Each structure stands twice: as structure tokens, then as C-alpha cells.
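Data first, discussion second: the structure below is written as C-alpha cells.
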Amino acid sequence: MPLSFSFWGHAWSVEWVVLWTDALLYVLIVAAVLLALYIRRHPPLQRPWSRVVRSPMAMGAAVILAAYAAIGLLDSVHVRLPIAPVKGSTVRYYSPELLSVFDLIAGPLRTHTEYSYSAPFATRLYTQETVRLPDGQTRREYPRLKYGGAGLKSAAELGGDVCARVARALAEAGAAWLVAAAALTWRLARRHRCAVWQMALRCLRGDTQVPWRTIGLTFGVVLALGWSAGALCTHYHILGTDEVGRDVFYLSLKSVRTGLVIGTVTTLVMLPFALALGISAGYFRGWVDDVVQYVYTTLNSIPGVLLIAAAVLILQSYMDRHAGLYDTVAARADMRLLFLCLILGITSWTGLCRLLRGETLKLCEADYIQAARAFGVGHGRIITRHILPNVMHIVLISVVLDFSSLVLAEAVLSYVGVGVDPSTISWGNMINSARLEMARQPAVWWPLASAFIFMFALVLSANLFADVVREALDPRTKGRGGER
Amino acid sequence: MSAYILRRILYAIPILIGVNLLTFTLFFVVNSPDDMARAHLGTKYVTPAMIQAWKREHGYDKPLLYNSSAPGLGRVTDTIFFTQSVDMFAFRFGRSDDGRDIGRDIRARMGPSLEIQLPVFVIGLATNITFALLTVFFRATYLDLAGTVLSVALMSISGLFYIIAGQYLFAIVLRLVPISGYAGGVESFKFVALPVAIGVVAGVGSGTRWYRTLFLEESGKDYVRTARAKGLSEAQVLFRHVLRNGMIPILTGAVVVIPTLFMGSLIMESFFGIPGLGSYTIDAIQSQDFGIVRAMVFLGSVLYIVGLLLTDLSYTLFDPRVRF
């Protein structure tokens with residue numbers, strides 16, 4: 001969809017492209033917002049969530065997750081930029097290259113590509129090249145990078161320059177943090193009707209229901225890291241460059257979207273299956289139950305990786321045969337990502353389905369459902385009004401628990417060669433393309449380390465968050481407060 | 001009891017048939033033999049005659065389900081479904097794309113796979129249970145908190161990291177073990193030691209957490225309170241009572257994976273060059289050898305179903321409460 005708008009006097013015209021996974025992510029956000037609104041209006045549903053909100057661990061993790069989500073969402077709004085029009089033609093053409101809003105923001109990161117590997121903060125290439133000297137002779141040396149530390153006169157200035165930039169970035173980040181903290185304290189003080197300094201003191205002491213101190217600290221750390229990285233990354237390759245000279249920091253950030261899509265869209269596509277089959281098996285029993293049980297035992301008995309591998313292999317050959325279905329490389333890669341989510345969803349709904357079936361079986365014995373039946377309430381109404389809200393906690397728990405394992409699964413599947421499209425930037429592909437370089441002397445460790453660290457931070461915060469959510473939502477753990 | 005076991009075995013048959021039909025649909029209906037031939041021969045410069053020849057060579061030139069040109073019973077048996085899928089029930093897997101007998105390859109490669117998977121399973125189980133018991137023993141202390149946080153952190157690290165970092169540290173930097181490869185007999189120890197260690201470490205996080213919840217659940221029960229009330233020390237309670245009773249769900253839960261140990265571990269084996277079934281599968285996936293992938297899918301489900309049977313059986317053996 002072509003969009004035109006003017007901004008600071010410049011007329012911009014871009015074509016907005018909605019990929020399939022983008023659309024699903026948007027749907028997911030709308031669903032999450034609707035769910036949040038629904039929960040807000042129902043105090044009994046709100047209660048367990050307020051336990052999550054009061055947990056320092058969960059909120060600290062949530063800040064980090066929010067940072068990842070922000071990057072992922074910016075990376076999920078895709079546009080095509082216009083190409084300079086042909087003289088005399090009024091038709092506007094758009095570039096076939098699909099860029100996201102994140103790419104536009106990260107501009108120099110994307111375009112600053114070197115020739116090959118270079119270490120983090122390096123000013124010279126990792127490999128030796130033959131260079132021709134002005135007097136006609138040739139020599140083997142490590143050539144200077146085009147962009148990494150380009151402003152430096154000699155390598156000796158590197159440390160000082162980096163320190164100065166980091167110091168300035170930290171000062172700026174600190175100022176920004178203070179402004180944000182002040183605004184927040186002011187709002188809190190307004191809400192609690194106390195003086196601002198009193199509120200500030202309470203926040204510092206950790207004397208608030210919502211753990212603002214932890215949130216503030218985590219936010220500060222994220223801000224400091226992000227701001228320094230942002231200040232450095234335009235002048236250096238802070239995490240080095242990969243085999244074809246792309247900036248590893250940029251690749252790690254771009255992989256965030258892939259990880260998020262796999263972790264969330266997969267659950268989104270499997271939920272309808274699991275809900276419909278699990279609840280109807282538990283509710284109708286009899287032959288419906290038999291069929292559903294048979295289907296999930298059969299699917300479950302096939303080793304997951306192999307089923308995924310088989311499905312992806314077949315998908316691959318299908319896509320090779322129908323190359324005309326996609327107009328851009330990005331659309332093709334996106335299609336493959338979507339299918340991977342579908343396949344992962346088909347193999348992973350069985351666990352949730354079994355849980356839902358069991359819970360529904362139990363619920364059907366409850367008095368209120370017996371009463372609803374006796375009054376002649378229809379099946380559809382009983383399921384939607386009485387059963388669905390009461391199994392929602394199981395769904396939410398398994399959604400947050402599955403997320404981290406799906407992010408990790410992406411890396412393994414891409415390694416096996418049945419994951420995302422090779423042209424999609426993902427942590428799995430980064431690991432896969434750099435795994436053999438550890439044997440070089442000296443080892444090329446930075447692409448691997450970056451991918452693992454970015455993945456680790458996401459998965460760890462997701463795991464910590466999921467732990468608290470599970471404990472808050474699972475009715476069975478309510479009485480077990482004394483054990484921790 | 002034998003009637004019960006017989007019933008369970010009979011119940012497994014429709015599941016195996018389901019798996020077989022599913023793989024048949026995936027490999028021969030969604031992706032027809034013509035597509036397979038093209039995937040192998042390339043899309044350019046391929047004549048229909050070449051495709052026919054490739055299909056004949058691999059036995060894919062028959063009709064899918066019903067052969068109207070064959071006489072008598074051959075109408076059903078002389079089809080792809082019968083020769084390729086029904087044969088699997090007799091563990092005849094046919095030939096791979098490079099002409100080797102898949103069944104023989106599988107038998108030869110089971111050994112090395114087991115050599116890694118079995119120690120990983122046994123040592124891993126022992127380690128996880130030990131750590132879980134320790135965290136339960138020190139529960140509600142900082143040691144427990146540290147252990148729990150550590151196991152969440154260990155869980156959050158990608159399995160690939162353990163493999164890559166372990167290989168780099170022990171094989172490349174310290175040179176304690178060969179980087180990759182395999183030899184039979186006693187020699188195999190030095191090739192297998194590192195993968196086993198990595199396998200154990202990679203599973204410690206989630207395993208400890210899982211068993212910890214099991215033990216915690218167990219230690220909240222009435223008999224444990226009785227044991228404490230009569231003055232047993234915490235260690236006695238834990239090791240005599242909680243451990244013994246906790247072993248029932250642990251053992252019955254672990255039994256299901258024993259048969260699937262034969263399948264090997266996909267990534268570990270390909271990374272360390274161990275000629276097991278895991279690397280066999282990965283090679284087949286990467287070279288798009290559908291015959292091998294199909295065989296492994298079927299074998300994997302058979303082993304899983306055997307695992308389910310063993311689980312049911314182990315309930316009757318380990319748990320005195322289960323009677324028939």
C-alpha cells in the first residue's frame with residue numbers, strides 16, 4: 001500500500017508492505033491488548049496477575065522482554081522505498097528490497113559492510129590481503145577497515161576514543177533515565193497523593209507494591225547498554241563483522257524478530273487446534289475423545305525433529321517448484337518462516353491438548369456446569385461461557401513456557417538445515433554459518449558469542465517471567481507458599 | 001496382567017498404522033515420486049525418460065495405492081504403498097539413494113549411538129537426582145535459591161553452545177580429546193567421553209528443576225510429616241523416604257525415553273563425527289534422502305511406542321499400588 005507523508009519539509013513516499021508474519025504479529029498484539037482489557041474488567045482474573053506485577057523478578061525480566069519486543073516490532077513494519085523516477089514518467093516505482101522501520105533507524109549499521117571477518121572494535125581485517133603499495137610492489141598485510149574505526153588516525157587512539165564515546169553515552173543515558181524516573185515518580189506521587197520526594201524515597205527503599213526499584217534498575221542497565229552501543233556502533237563494529245563483512249551487532253538485532261516470530265506465532269497457530277480438540281474431547285467424550293486421543297498419540301509418537309525435518313524437506317521442494325508465488329526474496333523467506341511456525345505448531349499442540357482435555361474432564365463434573373446442563377444451556381454456550389474462561393490459565397501458562405523452548409528450537413533446526421530460510425537473519429543461521437570458524441587460529445568467536453548471548457538474555461528473561469506467571473496462575477501452587 | 005499387556009500391544013497397532021499412513025502421505029502424496037526425481041536430478045535438462053529411469057531404479061515407478069494393470073493380488077501388492085510402506089512393518093526399509101541397504105546401515109549405526117546416549121542417560125539421571133535432592137535438602141536457604149537460579153540459567157543456554165564451547169575448550173585449546181571421529185572397542189572411550197560429558201551438562205538444568213518439583217511435591221505428603229514427627233533427621237527423611245517414593249514417578253517417567261536412546265542425538269553426533277543414527281539422519285536430511293528419513297521416522301515412532309508400553313509395564317513392576 002503506497003503511503004505518502006511529509007516530514008520536516010521532506011515529502012516521503014514509501015510503499016507499506018505487510019508480510020504474513022507481520023500480519024500475524026499485529027493480530028497477536030491486538031489479541032494481547034484485548035485480553036489485558038478483559039482481565040482488567042474482571043477482578044477475579046486480575047488477582048493472579050497482580051501477583052506477577054508485584055514480583056521483582058518477573059518485572060525485571062519484563063523490562064528486558066519489552067526491549068526485545070520493541071526491536072522486534074520495529075523490525076516488523078516493512079516498507080519499500082521509492083526508486084528515483086524515470087524522467088518524464090509519473091509512475092512511481094519502488095525498490096524490490098524490503099526494509100523495515102528498524103533498518104531505516106539502524107541505517108549505517110546495515111550499510112557499513114566490510115570485506116570479511118573483523119574482530120570486535122578492530123580497525124583492521126581479520127585476514128591478510130595482498131595490497132599493492134604506491135611504488136608498485138605488493139605486500140601481505142591486514143588492511144584497514146572501511147568503516148570500523150575509520151575516524152581514527154592510528155590504532156593507539158582506539159582506547160581513548162571508545163572511552164570518551166562511552167562516557168558521553170553513559171552521561172546522556174543517565175540524563176534520560178533521570179528524566180524518565182522523575183516523570184514516573186511524579187505520576188506515582190499524584191496517584192498516591194503524597195509528596196514527590198516521599199514517593200522517590202519509597203521507590204528507592206523498595207517500599208512500593210509494584211517493584212519500581214527493580215524496574216528502574218533494569219531499565220537503567222538496558223538504557224546504558226543500548227545507548228553506549230548506539231553511540232559506538234556507528235563508528236566501530238562493536239561485535240565484529242561476519243564472513244561477508246556484515247556487522248554482527250546488526251545481525252544479532254535483526255535476529256530478534258525471527259526469534260520472537262517463532263516463539264509467538266507458533267503458539268498462535270497451534271492454539272485453535274489445541275483448544276478446539278482438547279475441550280471437545282473432554283466435553284463430548286465418547287468417540288470424539290477416542291479420535292482426538294488417537295490423533296495426538298500418533299503425532300506425538302513421531303520424533304518431533306524428524307517430523308519437522310520431513311515436513312520442511314517437502315515444503316522446500318514444493319517452494320522450489322512454485323518459485324513464481326513470491327515477488328521478492330523477503331516474501332519467500334517470510335513464507336518459509338510462516339510454514340516453519342505452522343509445522344512447529346502442528347508438532348507442539350499435543351501437550352497443551354492433553355492438558356486441556358484433562359482439565360475439561362474435571363470441570364464437567366463441577367456443579368455449575370451440571371447446573372447449566374440441567375437448565376438446558378446449549379453446548380456452545382457452556383463451552384464458551386463456563387469452560388473456556390476456566391481453562392485459560394493453562395493456555396497462558398503453556399504459551400509463556402513454550403516461548404523459550406521455541407526460541408531455542410529455532411537455533412537447533414536452522415543448524416540441522418530445516419529451520420528458517422538461509423537468507424533470513426536468525427541466531428540459528430548465525431551459529432550455523434560460523435560454527436566451523438572456532439577451529440581457526442585465532443578463533444573467530446564473535447558471531448557465535450553474540451548469537452548465544454542475545455539468545456541467552458531473551459530465553460533467560462522469558463524463563464524467569466514464565467516461572468512467576470506459572471506460580472501465580474496455577475491454582476495448585478496457591479497453597480504452597482511456604483516452600484519458597 | 002498378561003491380558004493387560006496384550007491389550008496395550010493391540011492398542012499400539014492402530015497408532016503404528018497411523019504413523020505409517022501419515023509418512024506415506026507426506027512422502028509420496030504431497031511430494032510425488034516425480035518431484036523426488038526432479039529434486040535429485042535437478043530441474044534443468046531433465047527429460048521425462050530420465051525421471052522414469054530414476055523412479056524405476058528406486059522402485060517408485062508403481063501406482064500409489066492400486067495397480068489396475070497387475071494380475072490378481074498384485075493389484076494391491078504391486079504398489080508403492082505396499083512395497084514402501086507396508087514393508088516397514090517387517091523392518092524392511094529398502095535402499096537409500098546411494099544404493100545401500102538402509103536396514104543394515106541402521107543396525108550398524110545403533111551401537112555408536114547407544115555408546116553416547118546410554119551413559120548420558122544413566123549419568124545424567126544420577127546427577128540430576130543428586131542435585132535435586134541437594135536443593136531440596138537445603139531448601140529455603142540461599143544455597144537452594146542459588147541452585148534454582150543456576151538451573152534456570154543453565155536451561156536458558158542453547159544446547160548448541162554446550163557443544164561448540166565444549167569442543168573448543170577441551171579439544172582445541174586443552175587438547176585433551178580428539179576434535180572428532182570414532183573408533184571401535186576400548187579406543188572409543190576418548191572419542192565418546194566429551195560428548196557424554198556435554199550431554200550430561202546440557203541436561204542438568206532442566207532435569208534438576210524437574211526432579212526438584214517432584215521431590216518437593218513428595219516431601220509435602222503426610223507420611224513425610226509423620227517421619228519428621230517421630231524424630232528422624234532431615235537426611236534420613238530425605239534419603240530413606242522421599243527418595244524411595246520419589247523414585248517411582250522418576251523411573252516410570254524415565255522409562256519412556258530408554259528405547260528412543262537408540263535414535264542417537266542428532267547434533268552431537270554430527271558435530272563430533274560419531275557414525276551413529278543421529279548423524280545418519282542429519283546427513284539424510286541434508287542430502288534430501290527421503291528413504292532414510294522415512295525409515296527413521298517410522299523407527300522413531302516404533303521405539304516411542306515401545307517406550308510407552310514399557311512405561312505401563314514399569315508401573316505394574318515398581319508401583320505396588322497398581323494391581324490387576
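Side-chain atoms are counted along with the backbone in the values below, which use heavy atoms only and exclude waters and symmetry mates. Proteins come first, then strands; the chains are lettered A, B, ... in the order of their sequence lines, and each starts at number 1. On a predicted model such as this, the values are computed, not experimentally measured, just so you know.
Interface residues of residues 257-270 of chain B toward chain A, defined by a heavy-atom distance below 4.5 Å and sorted by number: B:Met263, B:Leu266, B:Ile267, B:Ser270. Proximity to chain A at a heavy-atom threshold of 4.5 Å picks out B:Val152, B:Ala153, B:Met155, B:Ser156, B:Ile157, B:Ser158 from residues 152-159 of chain B, in numerical order.
With sequence neighbours excluded, the residues forming a side-chain contact (heavy atoms from CB on, under 4.5 Å) with A:Ala62 are A:Phe465, listed by chain and number.
Within the 4.5 angstrom heavy-atom criterion, only side-chain atoms of A:Val418, from C-beta onward, approach chain B. Neither the backbone nor the side chain of A:Leu458 has a heavy atom closer than 4.5 Å to any heavy atom of chain B. Contact of A:Leu460 with chain B is made through backbone and side chain together, with heavy-atom distances under 4.5 Å. Within the 4.5 angstrom heavy-atom criterion, atoms from both the backbone and the side chain of A:Phe456 approach chain B.
Between the B:Tyr168 side chain and the A:Trp445 main chain, no donor and acceptor come within less than 3.5 Å of each other.
Looking only at side-chain heavy atoms (C-beta outward), A:Leu299 and B:Leu22 come within less than 4.5 Å of each other. Taking the side chain as every heavy atom from C-beta outward, A:Asn300 and B:Tyr304 approach each other to under 4.5 Å.
The most heavy-atom pairs under 4.5 Å with chain A, out of B:Val297, B:Leu303, B:Val302, B:Val293, come from B:Val297. With chain B as the partner, the residue from A:Ile302, A:Val295, A:Leu408 showing the most heavy-atom pairs under 4.5 Å is A:Ile302. Contact count against chain A (heavy-atom pairs under 4.5 Å) is highest for B:Phe271 among B:Phe298, B:Tyr11, B:Phe271.
Scanning all heavy atoms of the two residues, the minimum distance from B:Ile164 to A:Arg435 falls at CD1-CB, 4.3 Å. Between B:Leu160 and A:Ala411, the shortest heavy-atom distance links the atoms CD1-O, 3.7 Å.
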Verify side-chain contact (heavy atoms from CB on, under 4.5 Å) between A:Asp467 and B:Arg209, making sure each step is shown before the conclusion. CA-CA 11 Å; A:Asp467 256 9; B:Arg209 250 168 72 87; 2.9 Å; yes
Determine, stepwise, if the pair A:Thr297 / B:Ile305 fulfils side-chain contact (heavy atoms from CB on, under 4.5 Å). CA-CA 9 Å; A:Thr297 321; B:Ile305 290 167; over 6 Å; no
Show me, pair by pair, the donor-acceptor contacts under 3.5 angstrom made by side chains of residues 397-405 of chain A, not counting sequence neighbours?
unit_1	atom_1	unit_2	atom_2	d
A:Ser398	OG	A:Val395	O	3.2
A:Ser404	OG	A:Asn463	OD1	2.8
A:Ser405	OG	A:Asp402	O	2.9

